Amino acid sequence: MGIWSLLPIACGTSAGDRQLPPYLDESVSLEERIEDAMKRMTLEEKIAVLHAQSKFSSRGVPRLGIPELWCTDGPHGIRAEGAWDEWRQAGWTNDSCTAFPALTCLTATWNPAMSALYGRSIGEEARYRDKDVLLGPGVNIYRTPLNGRNFEYMGEDPYLASRMVVPYVQEVQKNGVAACVKHFALNNQESSRHTTDVDVDDRALYEIYLPAFRAAVQEGGAWSVMGSYNLYRGEHGCHNRRLLCDILKGEWGFDGAVISDWGGTHNTEQAIANGLDLEFGTWTNGLSSGAKNAYDSYHLAFPYLDLLRRGVVSESDLDDKVRRVLRLNFRTAMNTRKPFGSLNSPEHLMAARQIACEGIVLLKNEGEILPINPSGVKKIAVIGENAVKMMTVGGGSSSLKARYECSPLEGIVKAVGDRVDVIYERGYIGGLSPMSDGVVAGYDLSESRTADELLVDALTAARTADVVLFFGGLNKNSHQDCEDSDRLSLSLPYDQDRLIRELAQVNRNLVVVNISGNAVSMPWIAEVPAVVQGWYLGSEAGYALSDVLFGKVNPSGKLPFTFPVHLEDNGAHATNSYMPGPGVNRYAEGLFVGYRWHEKQGVAPLFAFGHGLSYTTFEISDVRMDRDRLTKSGSLHLTARLTNTGERSGSEVVQLYIGDEKSSLPRPVKELKGFEKVTLNPGEERTVNFIITPDDLKYYDDEKHAWVVEPGRFTAHVGVSSADIRGTVAFYYDA
Ligand code: BGC
């Protein structure tokens, strides 16, 4: 007996002619289908769709054939299948995925086409694994380099993050899989993430912390958003009236579902009234005690039903939530036209490698030590634990079970073949466990040598080599780049600074590859000729790194955040307003985040936002505008000529920043308002075009609660990083 026979005849369905009821008929509009389904649902069925039924799924309406919703992390690959009620993996053998580079690397490509490729590929993997909601991407702004989760986000600049998040969301959703943009909002640190209460002024909120979410919702059309763990103005992000009701659903017109972060719901009344739609992960003790099914104890389960039955709350909030969850369901699980997806296809692996190659950033290359010509060297010493440690595992919820991960050491050995002798020394111990999140790292990390012995062995290897490649940085252990804890300092852990300094003493041909999703201090920078930012690169890590180190690929990545020299050079730390403990955390630096702070204070960074070198050279010339006056409804056309003046083909990112010379409220010296990545052959040149409109000049006036633009003089800065401006043009805005 199918569901047809259960449908009420009164709703126009006859079992005889099997005419589809409106909610199942895809030729009927989405909103009519939702209303039709709503009419057929009992109160209990409505409640049942608003909360989890397992760690990662929620109930549909079985009686009506409305399927369950299945979520998955996100955001760098499709997480291994978990047990129904526990965090451990279920032990399936068909759930290993392609690990894509971390979102910091994606953002470092400064190439929205890479973001589209990423979204399309990960969306296809989600589909193949039959997931409906991908828990990502994350766009929390990089406020402090200590934040353990920065590697999952898109950097410090709201414009860059906005441009990069939109194609990711759009392409994921073309697969009939919802993106769930997280963590809304102000989840800028991991320490005390459930108890930190952010106090931020409205200018910083609207200008810095919200734009990427808004772009994901309004331009990307995101179907779901995840509330954050932290509090804002005394209410948790998962039931925060201002963030969810006033801004997200009110000002931005978001029509999708707000999903709680796992365990982020704390209060039934607030969850009902303040914008939460779908509750996941509220801590219960499984199925063992209390109500028959512990999920029934969730705030949006029996406690909500009880308040409704007693008439304490009305059904209007309920219907709004159910509508939103059904909308999410109809767009994903109920969509019968979605593609089937694919897993670990050669195209996905190629996409992972291409994104990794484009995101790697060449930070320093003195004496052009890079790229290494394999036929010019006989022996390469590879030093450092990160040359062998699997980085697709660990770090918290983004941990993956990748079908394979090519380590840097493997990539190098494969790239140079038998021609070159590659010797490996670990140099330091970052971790001894070969196991993380149920995945066994491919390399034996046990160690019997002392730290001093490891150092001596590393130096011995380095002395005899033609070139030394050091792979260090952070890892995905607690207090490194890892969820639920922040870093304890800007320094490299495990005494790596000492090791790097000593390596530089014994061999001048030293290349440091920093594997991390965060800035680190480099007190040895003057002693090391070449430094590469290697991120967490996913399945193809080793191949991508060797492509760049040996010059198969000319690097073109650009930093999505500033590397400060000292921690105190960062705005949150300079103002002493990074608070790892619980309580009210006032963001005293306001909107001066990242390069905005450095420029305001005149503090030079170690490496500036937007910085990244190439094996060729570029020149920017002829920066000009068609006119010098912009009016309310007009636009200006800015052009700049980019020339490849070196001997290799390569890509450069031309960056446009705009500064307001005088304004009623304080403003940053300049802010990113446009960028374009251009690939040129040696000697080739191209004109890059930017259109400037009044929107690019606006700031958020917190008194008026509006975006305003003031008449006056502005400057357009065109360059290759926030600190390397090659041309400027002044212009005026006339109201
Ligand atoms: C994380 C989310 C994640 C969820 C499910 C939470 O702890 O903050 O980002 O999607 O777990 O794994």
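Whatever order the structure lists them in is the order used to number ligands and atoms, beginning at 1. Because the structure is predicted, anything quoted here is derived from the model rather than measured.
- Between K249 and D277 a salt bridge is recorded (basic side-chain N to carboxylate O distance below 4.0 Å).
- When the side chain to side chain donor-acceptor pair (under 3.5 Å) test is applied to R327, the partners found at least two apart in sequence or on another chain are E31.
- A 6.0 Å sphere centred on OH of Y128 holds no more than 12 heavy atoms belonging to other residues, nucleotides or ligands.
- A cation-pi arrangement, defined by a distance under 6.0 Å to the six-membered ring centre and an angle within 45 degrees of its axis, is present between K55 and W87.
- For ligand 1, residues of the protein lying within 4.0 angstrom by heavy-atom distance are F56, D73, R79, W87, L135, R149, K182, H183, R193, M226, Y229, D261, W262, S397, E483.
- A salt bridge is defined here as a Lys NZ or Arg NE, NH1 or NH2 lying under 4.0 Å from an Asp or Glu carboxylate O, and E45 with R59 fails to meet this definition.
- Because its NZ or CZ atom is not both nearer than 6.0 Å to the ring centre of Y232 and within 45° of the ring axis, R242 does not count as a cation-pi partner of that residue.
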